[in-house]
2 protein chains.
Amino acid sequence: MTSPSGKASIKDVARAAGVSIASVSRAMNAGTGGVSAATRAKVEKAAAELNYSPSWVGQALRGQTNDTYAMIISSIQNNFFSAVAWEIERRLNDQGAAMLLFNSNEDPALQDRCLREVTSRQVAGVFLLCAVDSPGLTVLAKHTSVLFINRRVDSMPDIPFVGIDDRSAATEVARAVLREKPDRIGLIHGPQRSATSRVRLEGFLSAFAAGGRPMQPADMVEAELSMESGYDAARRLFNEGNFDALVCGNDQIAYGAYRRCREIGLTIPGDAAIYGFDDNPLNQWLAPWLNTVSVPHIRFAEEAVQGMAMLIDGKRPQDAILPYDLLLRR
Amino acid sequence: MTSPSGKASIKDVARAAGVSIASVSRAMNAGTGGVSAATRAKVEKAAAELNYSPSWVGQALRGQTNDTYAMIISSIQNNFFSAVAWEIERRLNDQGAAMLLFNSNEDPALQDRCLREVTSRQVAGVFLLCAVDSPGLTVLAKHTSVLFINRRVDSMPDIPFVGIDDRSAATEVARAVLREKPDRIGLIHGPQRSATSRVRLEGFLSAFAAGGRPMQPADMVEAELSMESGYDAARRLFNEGNFDALVCGNDQIAYGAYRRCREIGLTIPGDAAIYGFDDNPLNQWLAPWLNTVSVPHIRFAEEAVQGMAMLIDGKRPQDAILPYDLLLRR
DNA sequence: CTGAAAGCGCTTACAG
DNA sequence: CTGAAAGCGCTTACAG
């Protein structure tokens, strides 16, 4: 009955059960040393009455707990990212661990703030879903298990990576575009600060060139990985003329471009074909017209959780370059 | 140069700077007692060299830190929910606080696990975006600041709430439907375990009855708040006949119904009008055909953060029932 | 201004 | 099996 308002501590339980705090700890944990049945019963009764659960903070300080991971995601608004995050969280939960989720918003300063938060919380490992290069990241990687998902930071080749071969996927997209023999191809690529966007762009450009249709600078424009930015980019592009094939750096950009197409009266996919990247889980519901690259987000989660376990064990997992599928809708 | 691999502690900094740990603490914190310029300089130099940042765990155990909040969200896959979560996180970040995000997946057992996680981490307060009723919730509310967003738990009327008047909004939706004089109206409502879904259903039913078109049981079906479930529900509904107006419990359900409509060859909004609820941020990009209730998610975030601040201060904020907008697309 | 010390909640060698 | 004690990283009265 002690401290009816505040949260009960191990001391309260010990007092109520008439045993030492050491016995309470032993009874609560499978760990070192057993306790007699009588002690266990007393402790369990007291714990139940006081609604006691051990303080994670106390445990963490003691240095034993290592069951918390952090996920830094560039944008929670992107359903592809949030699907990966959720699949990872589910798996961690299943093994009794917890995940803290932070948004970096593609901003190095904000990412560093997240990382500081993460560091001070002594997490066991950090998943970075679309990292940006930032000073704090280099420091973090020195004393924490870190894993890149979907995007790596070029200056940190030692950090394990889970993703696809974006260059080859982009090449395949470009070839599929060429097979349709469009009159004019527009390209809205992602920000070149992102290694993934950069590699995708290389794939697009080289395949178009190889197919005898090198991209014209006037037909290309850069966008952030958002619907808003894709919309703006499409607006600029269509000011230059008409396009019947629009190749986009990811699905979010494609959604934005789609809206602009509608506004200027184009029917999709009748008047123009739009190509994205990721296969956002929304597509099957809301964007059946979108051609895209199906990135295996469930396998991303599996590989990431597995790779992290290896890292925690002190081993360096292989980079996982997973298979993708080209999804052409017609 | 101590412990080059592990994270530097306050002791390492004190040793490197040649001062006591108390002085390090004072130099790092604005709090009690200043330090001389000389001491501060030494500490800052040492801290920078060792890349020291105070351990949140140590601070939390000491009982001072209270800058962490938790958000329990029912599904990260719903863009409306994730938009609210992100707006709240941004605001907390701006005031130097952090937010931990957990998924309950509408599962009481999983929600309780999240809550246990939350409790043991000594968070300052918990935002519940679409809570379910669970034993742990009642306990948590006794010693932690808790706030409901978008959905309340009926058995806990004392917990502050941020939301809209769902009954009245549903009534307006139903009236708008009737104005179009559809041949046959189908209704796919949300799960009745959710107070919000229940109240919306009441609004729909009473307005239809008042308008002289009481709903027939065969024209109604219940769904979970997901696209998958909305799709299934629509399939069942269309097995019963044809509908040219489909009223859905939320936008996710509406997306699922939309897919089913496409599959059976219906043009939206030509052959049938679909009505949702929430105005998911995606709509403007991907679902311009959807009629819906625009729920002010930014204001949800503002009110929630403000209300939480009051709770922390020991005051009980008023429930915030915010204005909504009917969005009719034609 | 500064340092030694207490104490937050825990776990685990160490004695008994 | 059990308890007293040390110590994880911090902050803050308490002396000086």
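Labels below follow one simple rule: chain letters A, B, ... track the order of the sequence lines, proteins then strands, and each chain is numbered from 1. Only this structure's heavy atoms are used, side chains among them; waters, hydrogens and symmetry mates stay out.
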Enquirer: Whole Å only: how far is the CZ atom of R121(A) from the P atom of dC10(D)?
Expert: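 In whole Å, dC10(D) P lies 14 Å from R121(A) CZ.
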Enquirer: Under a 4.0 Å threshold between the charged nitrogen and the carboxylate oxygen, would D94(A) count as salt-bridged to R91(A)?
Expert: no
Enquirer: Taking atom C1' of dC10(D) as reference, at what distance in whole Å does atom OH of Y52(B) sit?
Expert: 7 Å
Enquirer: Closer to the 5' end of DNA chain D via nearest nucleotide, is it A37(A) or I10(B)?
Expert: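 It is A37(A) whose nearest nucleotide is closer to the 5' end.
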Enquirer: What is the nucleic acid contact for S25(A), judged by heavy atoms within less than 4.0 Å: base, sugar-phosphate only, or nothing?
Expert: base
Enquirer: Salt-bridged, E49(B) to K45(B), with N to O below 4.0 Å?
Expert: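 Yes.
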Enquirer: If you look at every strand shown and take non-hydrogen atoms under 4.0 Å, does S36(B) touch a base, only sugar-phosphate, or nothing?
Expert: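 Sugar-phosphate: the residue S36(B), judged by heavy atoms under 4.0 Å, touches backbone atoms but no base.
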Enquirer: Working to the nearest 0.5 Å, report the span between OH of Y52(A) and OG of S9(A).
Expert: 7.0 Å
Enquirer: Run through DNA chain C and report every stem of 3 or more consecutive Watson-Crick or G-U pairs, distances under 3.5 Å, ordered by first number.
Expert: C:1-3 with D:14-16, C:5-12 with D:5-12, C:14-16 with D:1-3
Enquirer: dC10(D) P sits how many Å from M28(B) CE, rounded?
Expert: 9 Å
Enquirer: Please tell me if S20(A) has a side-chain N or O lying less than 4.0 Å from either OP1 or OP2 of dG3(D).
Expert: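 Looking at the OP1 and OP2 atoms of dG3(D), one of them is under 4.0 Å from a side-chain N or O of S20(A).
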Enquirer: Nearest to the side chain of L61(A), which nucleotide is it out of dG3(D), dC8(D), dT2(C)?
Expert: dC8(D)
Enquirer: Phosphate oxygens OP1/OP2 of dC8(C): is one of them under 4.0 Å from a side-chain N or O of S55(A)?
Expert: no
Enquirer: What is the distance from CD of Q122(B) to P of dG9(D), rounded to the nearest Å?
Expert: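 The answer, rounded to whole Å, is 17 Å.
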Enquirer: What is the distance from CZ of R40(A) to C1' of dC1(D), rounded to the nearest Å?
Expert: 12 Å
Enquirer: Measuring only between side-chain heavy atoms, which start at C-beta, is I149(B) closer than 4.5 Å to F127(B)?
Expert: yes
Enquirer: Taking the side chain of Q59(A) as heavy atoms from C-beta outward, which of dC10(C), dC10(D), dC1(D) is closest to it?
Expert: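 Closest of the options to the side chain of Q59(A): dC10(C).
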Enquirer: Between dC10(C), dT2(D), dA5(C), spot the one nearest the side chain of P54(A), thanks.
Expert: dC10(C)
Enquirer: May I have the distance from R15(A) (atom CZ) to dA4(D) (atom C1'), rounded to whole angstrom?
Expert: 17 Å
Enquirer: Looking only at the side chain of K11(B) (C-beta and beyond, no hydrogens), which of the listed nucleotides dA4(D), dC8(D), dG9(D) gets closest?
Expert: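 Selected nucleotide (nearest to the side chain): dC8(D).
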Enquirer: Can you confirm whether H297(B) sits close enough to E87(B) that some side-chain heavy atom of one is under 4.5 Å from a side-chain heavy atom of the other?
Expert: yes
Enquirer: Phosphate oxygens OP1/OP2 of dT2(D): is one of them under 4.0 Å from a side-chain N or O of S23(A)?
Expert: no
Enquirer: When you get a sec, tell me which of dG3(C), dG3(D), dC10(D) is the closest nucleotide to the side chain of R26(B)?
Expert: dG3(C)
Enquirer: Output the rounded distance in Å from CD1 (I21(A)) to P (dC8(C)).
Expert: 10 Å
Enquirer: Which residue in the set S226(A), S75(A), S194(A), S74(A) passes side chain to side chain contact (heavy atoms under 4.5 Å, CB included) when paired with E106(A)?
Expert: S74(A)
Enquirer: Could you state the atom-to-atom distance from CG of D12(B) to P of dC10(D) in whole Å?
Expert: 9 Å
Enquirer: State whether the side chain of S104(A) and the backbone N or O of C114(A) hold a donor-acceptor pair below 3.5 Å, judged by distance alone.
Expert: no
Enquirer: Take the angle between the ring planes of W56(A) and W56(B) and call it parallel below 30°, perpendicular above 60°, tilted in between.
Expert: tilted
Enquirer: Taking the side chain of V35(A) as its heavy atoms from C-beta onward, which of dG3(D), dG9(C), dT2(D) lies nearest to it?
Expert: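 Nearest nucleotide to the side chain: dT2(D).
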